[in-house]
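Written below as structure tokens is the structure these notes are about.
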Protein chains: 2
Amino acid sequence: MSRNSEQRKAVLAVVRGTTCHPDAAWIYEQTRKEIPNISLGTVYRNLRHLINDGEILELETGNYKRYDGNIQNHYHFKCARCHEIYDVDLELDNVININNEVAHKTGFIVTHHYLEFGGICKRCRET
Amino acid sequence: MSRNSEQRKAVLAVVRGTTCHPDAAWIYEQTRKEIPNISLGTVYRNLRHLINDGEILELETGNYKRYDGNIQNHYHFKCARCHEIYDVDLELDNVININNEVAHKTGFIVTHHYLEFGGICKRCRET
DNA sequence: AGATATAATGATAATGATTACTAATAAATT
DNA sequence: AATTTATTAGTAATCATTATCATTATATCT
């Protein structure tokens, strides 16, 4: 049974409190401002716990994982130059029903989809 | 300048010759059937080279990377139970223009998108 | 064809992110 | 208060990937 420790609350607050899709090292640095002696292993353990509970999302980004406190359905844009991940808050109505379309054609159970755009972000484009 | 070694040709042939979206270890095992003393580092080096040349694609899958010899535009389905990746060869006409839609709304340069479906595949569903 | 330059290789060491381990701690229950 | 057990800090271990380096092989240029 979950005990909702101070460490877990701190990790969740950090992930929920940003839109920068941070990695574990950044979350570790931030939580240390509240709990200076927190262990990096504790951060990883609580991130996994929060993912299993559906409280945060995990993003697969090659060399390391990043985390997202926004569990609402939304899309991402990843800049190929600075590697920053931006939220794409578009209402893509024409994307909504493609789960059903794929399910029908493949015979698979389709529960979700992940859509990520790639290119160059505005800030990188202007420099 | 590229020298198109036997090792590179073997790695490319292996990645092109399957639809299973293999990881580096599997590609290593397969190429060893042709070139028994090939080094794992050589496999990694050539995979990276082929990616930079646009001859194969790299898939980000959490703990390790997987590779795709199909560079045509297509989508994927990842089974949450067996973790197999299937090609989704649908013509999703309504998805084609979303790059432009996102570019217009964000001001970013949008060159591509990656769309992955998730759920349970047919084989896992039936067992 | 032979000489030269340099890309590529095999073997192994190093790296970096993540996970496992362990003894100690702290919170819920009795 | 005693007991149970999840959680922690600290550290070691793991695993995929990358870097290093001496050697080999291939393309290019006379």
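Only this structure's heavy atoms are used, side chains among them; waters, hydrogens and symmetry mates stay out. Order of the sequence lines fixes the chain letters, A, B, ..., with proteins taken first and strands second; residue numbering starts at 1 for each chain.
Residues from residues 2-19 of chain A with heavy atoms under 4.0 angstrom of DNA chain D, sorted by number: A:Ser2, A:Arg3, A:Ser5, A:Gln7, A:Arg8. At a non-hydrogen distance threshold of 4.0 Å, B:Ile38, B:Ser39, B:Thr42, B:Arg45 from residues 38-45 of chain B come into contact with DNA chain C.
Pairs passing the ring pair (Phe, Tyr, Trp, His ring centres under 6.0 Å) check and including a residue from residues 27-50 of chain A, sequence neighbours excluded, do not occur. Every pair passing salt bridge (charged side-chain N to carboxylate O under 4.0 Å, His left out) that includes a residue from residues 105-118 of chain A is listed here, sequence neighbours excluded: A:Lys78-A:Glu116. Applying the salt bridge (charged side-chain N to carboxylate O under 4.0 Å, His left out) test to residues at least two apart or on different chains, the pairs with a partner in residues 6-24 of chain A are A:Glu6-A:Lys9, A:Arg16-A:Glu55.
Two residues are said to be in side-chain contact when any heavy atoms from C-beta on lie closer than 4.5 Å; B:Ile56 and B:Leu12 meet this criterion. B:Val110 is not listed as a side-chain neighbour of B:Asn100, based on a closest heavy-atom distance of 4.5 Å or more. B:Ile98 is listed as a side-chain neighbour of B:Glu101, based on a closest heavy-atom distance under 4.5 Å.
For B:Thr18, the side-chain contact (heavy atoms from CB on, under 4.5 Å) criterion is met by B:Cys20, B:Pro22, B:Trp26, not counting sequence neighbours. In this view, A:His76 and A:His21, A:His74, A:Tyr114 satisfy the ring-ring contact (aromatic ring centres under 6.0 Å, His included) rule, not counting sequence neighbours. Not counting sequence neighbours, A:Tyr67 has no partner by the ring-ring contact (aromatic ring centres under 6.0 Å, His included) test. Considering only residues two or more places apart in sequence or on other chains, A:Glu84 meets the side-chain contact (heavy atoms from CB on, under 4.5 Å) condition with A:Cys82, A:Tyr86, A:Arg123. Scored by the side-chain hydrogen bond (donor to acceptor under 3.5 Å, both in side chains) test, A:Asn63 finds B:Lys65 as partners (sequence neighbours excluded).
For CD of A:Glu58, the number of neighbouring non-hydrogen atoms (other residues, nucleotides, ligands) closer than 6.0 Å is greater than 12.
Across the protein-nucleic acid pair, B:Arg48 atom CZ and C:dA7 atom P stand 15 Å apart, rounded to whole Å. In this entry the distance linking OH of A:Tyr64 with P of C:dT19 reads 16 Å, nearest Å.
Screening A:Ile38, A:Asn46, A:Val15, A:Thr42 for a side chain to side chain contact (heavy atoms under 4.5 Å, CB included) with A:Thr31, the sole residue that qualifies is A:Ile38.
Backbone-only engagement by B:Asn46 is indicated by non-hydrogen atom pairs under 4.0 Å involving sugar-phosphate atoms exclusively. If you check every strand for non-hydrogen atoms under 4.0 Å, B:Asp23 touches nothing.
A rotation axis mapping the C1' atoms of four pairs onto the next four is fitted at both ends of the helix from C:dA1-D:dT30 to C:dT30-D:dA1 over five pairs, and the angle between these axes is 30° to 10 degrees.
The footprint of chain A on DNA chain D, defined by a heavy-atom cutoff below 4.0 Å, extends from D:dT5 to D:dG10.
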